[in-house]
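Have a look at the structure below, then the notes.
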Amino acid sequence: MLVKSYAAAVQGISATIITIEVSCSRGIQFYLVGLPDVAVRESHERIISALEVNGYKFPSKRIVINMAPADIRKEGSAYDLPLAIGILAAAEQLNSSRLGEYLLMGELFLDGSILPVKGVLPIAIKAKEEGFKGFILPFQNAPEAAVVSGLKVYGVKNIKEVIEFFNDKQELSPTIVNIQETFYDRQQQFDYDFADVRGQENVKRALEVAAAGGHNLLMVGPPGSGKSMLAKRLPSILPSFTLAESLETTKIHSVAGKIGDNSSLMIQRPFRAPHHTISNVAMVGGGSYPQPGEISLAHNCYFF
């Protein structure tokens, strides 16, 4: 039987839909094609263990999986869940009638628990654009993806919940985020507030001028004089994020895996303070598996 499940690959701060085609027929071989990296190929062992622990049998058949488009490199372990669900559907252990309506992402533990992944906000935005009904992803990532209106986001903790959902044995509750409460009502809650500073009047005046005019600022002084303390508090006197700026910044931090657990949006302008020994790649981004650098993470923010 041939079935299709859907996932996504993040390129830069945008996502591309990945169609996972699974063919199950007589035989014993297992083939995974479509330019997967080592972490994707190793999903075979994680899926076998996760299914067996939860009472499901990995099919003893010839399984061919194609991850299309094949010219895009598939990286990381976030494809475990859509691969496992596709294999069960192809083996007719899972009802595939609604499989095309949902995008799936998640890494599997050997016991079937689902671990959080990076870049779910751009994936959720792409899922809405492509007309998917829902997005099934790790429970910890659900608040982040739920800020995208018009898309049902289901956070799950175990692969068994997903299997029973498609087999109509269990209902999943969508995660709902109140943008008013999450974003607008919390914009003036700062971990480091400029109003907490006592004294330092000349430096505070310089910071206010720099913030108002968008100027650069050089602070020189001995250790302990308050340079970092004052710099950390500068974002609290900068203009508040607009929702568009917040989404744009959150996408970058989401791809880099810098969004905290159970967080949804970047509410305040982040403070970035790279060390003077930082490498070029860490500063500007890139590497074997390209990631945003400090310059990108400081977009719409403050850089010290």
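For this chain, numbers begin at 1 and follow the sequence in order.
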Practice problem: For residues Met266 and Ile259, report the shortest heavy-atom separation together with the two atoms involved. | Solution: SD-CD1, 3.7 Å
Practice problem: Would you check if the side chain of Arg233 reaches a backbone N or O of Asp196 as a donor-acceptor pair within less than 3.5 Å? | Solution: no
Counting only pairs under 3.5 Å, give me each side-chain donor-acceptor contact of residues 15-25, with atom names and distances, residues two or more places apart or in other chains.
unit_1: Thr16; atom_1: OG1; unit_2: Gln11; atom_2: OE1; d: 2.8
unit_1: Glu21; atom_1: OE1; unit_2: Asn66; atom_2: ND2; d: 2.9

If you look only at distance, which donor and acceptor atoms sit under 3.5 Å apart when one is on a side chain in residues 26-40 and the other is two or more places apart or in another chain?
unit_1: Asp37; atom_1: OD1; unit_2: Ala39; atom_2: N; d: 3.2
unit_1: Asp37; atom_1: OD1; unit_2: Val40; atom_2: N; d: 3.0
unit_1: Asp37; atom_1: OD2; unit_2: Gly76; atom_2: N; d: 3.2

Practice problem: Verify side-chain contact (heavy atoms from CB on, under 4.5 Å) between Glu294 and Ile278, making sure each step is shown before the conclusion. | Solution: CA-CA 10 Å; Glu294 288 294 332; Ile278 190 172; 3.6 Å; yes
Below 3.5 Å, can you tabulate the donor-acceptor pairs from side chains in residues 110-123 to any protein atom, sequence neighbours excluded?
unit_1: Asp111; atom_1: OD1; unit_2: Ser113; atom_2: N; d: 3.0
unit_1: Asp111; atom_1: OD1; unit_2: Ser113; atom_2: OG; d: 3.0
unit_1: Asp111; atom_1: OD2; unit_2: Ser113; atom_2: OG; d: 3.3

Self-check item: Distance-only donor-acceptor check, side chains Gln291 and Ser296, under 3.5 Å
Solution: no
Practice problem: Step by step, work out the side-chain contact (heavy atoms from CB on, under 4.5 Å) result for His299 and Glu248. | Solution: CA-CA 9 Å; His299 182 61; Glu248 193 174 59; 2.9 Å; yes
Quiz item: Do any N or O atoms from the side chain of His253 and from the backbone of Leu297 form a donor-acceptor pair under 3.5 angstrom?
Solution: yes
Quiz prompt | Full working for side-chain hydrogen bond (donor to acceptor under 3.5 Å, both in side chains) between Thr250 and Glu144 | solution = CA-CA 9 Å; Thr250 303; Glu144 181 184 338; over 6 Å; no
Atom pairs and distances, side-chain donor-acceptor, residues 197-217, under 3.5 Å, sequence neighbours left out:
unit_1: Arg198; atom_1: NH1; unit_2: Ala195; atom_2: O; d: 2.7
unit_1: Gln200; atom_1: NE2; unit_2: Ser225; atom_2: O; d: 2.8
unit_1: Lys204; atom_1: NZ; unit_2: Val197; atom_2: O; d: 3.3

Please set out all donor-acceptor pairs under 3.5 angstrom arising from side-chain atoms of residues 78-90, sequence neighbours excluded.
unit_1: Tyr79; atom_1: OH; unit_2: Ala8; atom_2: O; d: 3.4
unit_1: Asp80; atom_1: OD1; unit_2: Arg46; atom_2: NH2; d: 3.0
unit_1: Asp80; atom_1: OD2; unit_2: Arg46; atom_2: NE; d: 2.7
unit_1: Asp80; atom_1: OD2; unit_2: Arg46; atom_2: NH2; d: 3.4
unit_1: Asp80; atom_1: OD2; unit_2: Leu108; atom_2: N; d: 3.1

Quiz item: Just by modelled atom types, is the Ala142 backbone N or O under 3.5 Å from a matching donor or acceptor in the Thr175 side chain?
Solution: no
Quiz item: So Tyr154 and Phe165, would you call those rings parallel, tilted or perpendicular, with 30° and 60° as cut-offs?
Solution: tilted
Exercise. Would you name the heavy atoms of Pro59 and Gln93 that are closest together and state the gap between them?
Key: CD-NE2, 4.2 Å
Quiz prompt | Audit row: Tyr192, Phe271, ring-ring contact (aromatic ring centres under 6.0 Å, His included) steps and yes/no | solution = CA-CA 10 Å; Tyr192 302 100; Phe271 170 77; 8.0 Å; no
Using a 3.5 Å cut-off and no angle test, enumerate the donor-acceptor pairs between side-chain atoms of residues 128-139 and protein atoms at least two apart in sequence or in another chain.
unit_1: Lys128; atom_1: NZ; unit_2: Ser149; atom_2: O; d: 3.0
unit_1: Glu130; atom_1: OE2; unit_2: Lys126; atom_2: NZ; d: 3.4

Quiz item: Tell me, do Gln268 and Phe190 make a side-chain contact under 4.5 Å, heavy atoms counted?
Solution: yes
Exercise. Look at the side chain of Asn167 and the backbone N and O of Asn95, then say whether any donor-acceptor pair between them is shorter than 3.5 Å.
Key: yes
